[in-house]
Enquirer: 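Sending over a structure as C-alpha cells; questions will come in a sec.
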Amino acid sequence: MLLLLIVGGIPYFTGRLVENKFNELTKALADNPDITLENLSYERHWRKGVAKTRVTIEGGLLKKLLEELGEELNTSNSARNLHKPITIVLEHEIRYGPFVQLQDGNYQDWEFAQAVIYSKLHLTEAAKAVLEKELGQVDFIRLKSEVSIEGEISIQLDGEPIKTKEDGIEEVVWEGMKGKWYISQNLEKIEGSLLMPGFHFDVDGAIYHAKNLAFTTQSEHDIDNKIWLTNGQLTAKTLRINQQFVPTVSLENIKVTAIVNNQIEDNKMMLHSNMDVKVASIKVEDKVYGPLNYTIKIGNLSPRAFKAMMLLRNEMGVRAQKNLMKFGQWQNQVGELLSSRPVLSLENLLLQTDKGHVKGSMRFEIGGQQAQDLRRLDLVLGSLAAKAHLSIPRAVLREFLQAYFTVVVQAEQTNLGIELDEEALAAEITQQVEITLAAWKQKNYITLNDQDYIISLSLNGGQLIFNNSNVSLSPLAIRP
C-alpha cells in the first residue's frame, strides 16, 4: 500500500516541479523586446495540467492570417493594420512523469521524462468555423515539448500544408513547416531550427512567393546578469513579390546572418547587433543584378525603452482619449532611448551589375546625456550626426528609373482607358526618365563623377552638407 501511494503520488509532485519550470521558462523567454509572453492560467491536476499562455508580437506581415487564429475573431479594418500587435493564445496539455502516458487509452507508448506537453492554438468556435470553411482543417499546427528527467526541454513543431479552394481549384498556399528547439536545464542555452518548404499567398493584392526557407538560432543567456548572446541565420532559395503597378522583384539564394548581444551597461540593458545580408541575384522585371552584400549594425539601444515606446505609440493610436496622458509617458521612454545615444549604420553596400557596381554606406546617431529631453528639441536635433554616401553607375540608375516608369506609365494609361503602341510607350517612358534626371541634377539631388551618379550627406554640429553644398537648417531650428 505504501509503495502504491508513493508511485501514485510521484506524478503530482512532478507536476509541481513542471509548473515551476513552465513559469521559469515563460519568464526567461519574455525578455525578448519584440515578443511579450505571459501565463494566463495553470491548472495542476494529479497526472495532467492545463495551461494557457498569451503571445503578443509587435507588428508583422502575418497579421491578417494570425488574427483569425487568436482568442477573438475580429474582422474590423482597423484591427488588421500590419503595424498593430498580433495576439495569439496557446493551450497546453501537460502530462506528468516520470512515466508519461503519451495518449489516453494507449498503454504501450510511454516516455521517461518529467513531462510531455502538447500545445495548440486556442480558438473560438467562430474562428474554428472560419478555418474549417476556408482551409478545410483546424489543427494544422502541432507542438510537442518534453521536459527530461534532468530538466532539459526539447520542442518539436509540425505544421501541415494549408490549402485553399477557389472556383473549384485547390491551391497550396503554405507548404507546411518543421521545427526543433533545445533548452538547457538552467535556461541559459537555446538552440533551434525551423524549415519551411515554401508559401504562396496574396495579401492586399500583392503576391508573396518563397521557396526553401530555413532559420537556425543559438542563444546563450546569463539569467542572473540578464545577458543574451544570440546567433541566427536565415536562408531562402527564392523570395518573389508581385504587386500591381510595382515592378516585380525576385531574390535568389538569400543568406542573412545576425549576431545580437544584450548586456548590462551602466545598470541598463543595452542591445548591440550586427546583420550581414547576401543575395546571389536580384531580378527586377527582365533585368538581373547581383550579387548584393551589405551589413546593418545597431548599437547603444535600450530594448526595454524601445519596446515600451512602441507599445505606448500603439495605445495612443487606439485610444485617442488617453493621448495626452500617454504622450507624457511616451516622451519619457523616448528620452531614455536617446540617453544612450543609439547608433544605426549601413556598411559595405555593394550591388554588382554588368554596367558597374552600386556602392554605399550610412551612419546615423542621435541623443546623449545632454540631448534626451524632447522639451529641448533644439538640443535633441542638434545632437543628430549622420553621414551617407551612395554611388550608382549612370546606366544602372537609368535602368532603375526605366523599370519604375514602365509600371507608372502603364498604370496611368490603364486608369485613363488609353492603350499606347510599343513605340509610343517606349518614347513616353524615356521622356519621363530624362525629365526626372534633369530635375534631380538641377536641384542637386545627384551629382556626376565620371560614370557614376553620387549622393553624399554629412550632418554634424547642426551643419548639413549635401552633395558638397551647405544647406541651411534654420527653418528646422537645429543648432548644436
Side-chain angles (χ1 to χ4, degrees), residues 29 34-35 37 53 55 57 59-71 73 82 86-93 102-103 109 111 116-124 127-146 153-183 190-204 206-218 232-242 250-256:
L29 294 178
D34 299 318
I35 300 175
L37 181 63
T53 55
V55 183
I57 305 171
L61 289 176
L62 295 180
K63 174 68 174 174
K64 286 201 167 187
L65 172 63
L66 294 178
E67 230 176 11
E68 306 294 344
L69 312 179
E71 193 170 20
L73 184 64
L82 296 181
I86 301 167
T87 299
I88 305 169
V89 176
L90 296 174
E91 291 180 352
H92 312 277
E93 179 191 22
L102 297 181
Q103 297 292 338
D109 297 324
E111 292 278 356
V116 170
I117 305 170
Y118 297 105
S119 305
K120 63 180 181 179
L121 294 167
H122 172 71
L123 303 170
T124 63
K128 290 179 182 178
V130 169
L131 291 175
E132 187 67 41
K133 177 182 177 181
E134 298 295 332
L135 306 179
Q137 57 184 326
V138 174
D139 295 327
F140 54 86
I141 294 180
R142 299 184 303 276
L143 275 170
K144 178 186 175 183
S145 309
E146 180 178 316
I153 301 172
S154 60
I155 302 172
Q156 180 175 323
L157 178 147
D158 289 290
E160 296 292 332
I162 299 176
K163 302 177 182 179
T164 60
K165 183 177 291 187
E166 188 172 348
D167 298 329
I169 301 175
E170 189 174 74
E171 181 181 15
V172 177
V173 297
W174 187 273
E175 297 180 25
M177 57 182 170
K178 289 185 177 294
K180 290 184 178 181
W181 290 268
Y182 161 82
I183 304 172
I190 299 176
E191 296 178 349
S193 64
L194 182 66
L195 302 175
M196 290 184 285
F199 58 77
H200 183 91
F201 55 83
D202 188 324
V203 177
D204 288 340
I207 299 175
Y208 296 88
H209 173 86
K211 277 291 186 183
N212 297 339
L213 286 87
F215 177 71
T216 59
T217 183
Q218 180 175 344
Q233 181 173 285
L234 171 68
T235 60
K237 181 174 177 56
T238 302
L239 176 61
R240 184 169 64 250
I241 303 173
N242 191 336
S250 180
L251 310 181
E252 299 290 336
N253 296 321
I254 306 160
K255 183 179 180 181
V256 180

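Heads up: numbering here begins at 1 and tracks the sequence.
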Enquirer: Please give me the minimum heavy-atom distance between Glu252 and Lys237, naming the atom from each residue.
Expert: OE1-O, 3.1 Å

Enquirer: If you apply the rule side-chain contact (heavy atoms from CB on, under 4.5 Å), what do you find for Lys211 with Glu175, and how did you get there?
Expert: CA-CA 9 Å; Lys211 277 291 186 183; Glu175 297 180 25; 2.8 Å; yes

Enquirer: Hey, what do you get for CH2 (Trp181) to CD (Glu191), rounding to the nearest 0.5 Å?
Expert: 13.0 Å

Enquirer: To the closest 0.5 Å, what do you measure between CD (Gln156) and NZ (Lys178)?
Expert: 7.0 Å

Enquirer: Which distance, rounded to the nearest 0.5 Å, do you find between the NE2 of His200 and the CZ of Arg240?
Expert: 7.5 Å

Enquirer: What's the separation between atom CG in Leu195 and atom OG1 in Thr235, rounded to the nearest 0.5 Å?
Expert: 8.5 Å

Enquirer: Check the pair Met177, Leu157 against side-chain contact (heavy atoms from CB on, under 4.5 Å), reporting the backbone distance first and the verdict last.
Expert: CA-CA 8 Å; Met177 57 182 170; Leu157 178 147; 3.7 Å; yes

Enquirer: Taking only residues two or more places apart in sequence or in another chain, which ones pass ring pair (Phe, Tyr, Trp, His ring centres under 6.0 Å) with Phe199?
Expert: Trp174, Phe201

Enquirer: Compare every heavy atom of Ile155 with every heavy atom of Ser145, then report the nearest pair and how far apart it is.
Expert: OG-CG1, 3.7 Å

Enquirer: Taking all atoms of both residues into account, what is the closest heavy-atom pair of Pro197 and Gly176, and its distance?
Expert: CD-O, 3.1 Å

Enquirer: Rounded to the nearest 0.5 Å, how far does CG of Leu213 lie from OG1 of Thr238?
Expert: 9.0 Å

Enquirer: In Å and rounded to the nearest 0.5 Å, what is the CD1 to CD1 distance from Ile153 to Ile183?
Expert: 5.0 Å

Enquirer: Which heavy atom in Leu194 sits nearest to a heavy atom in Gly179, and how many Å separate them?
Expert: CD1-CA, 3.9 Å

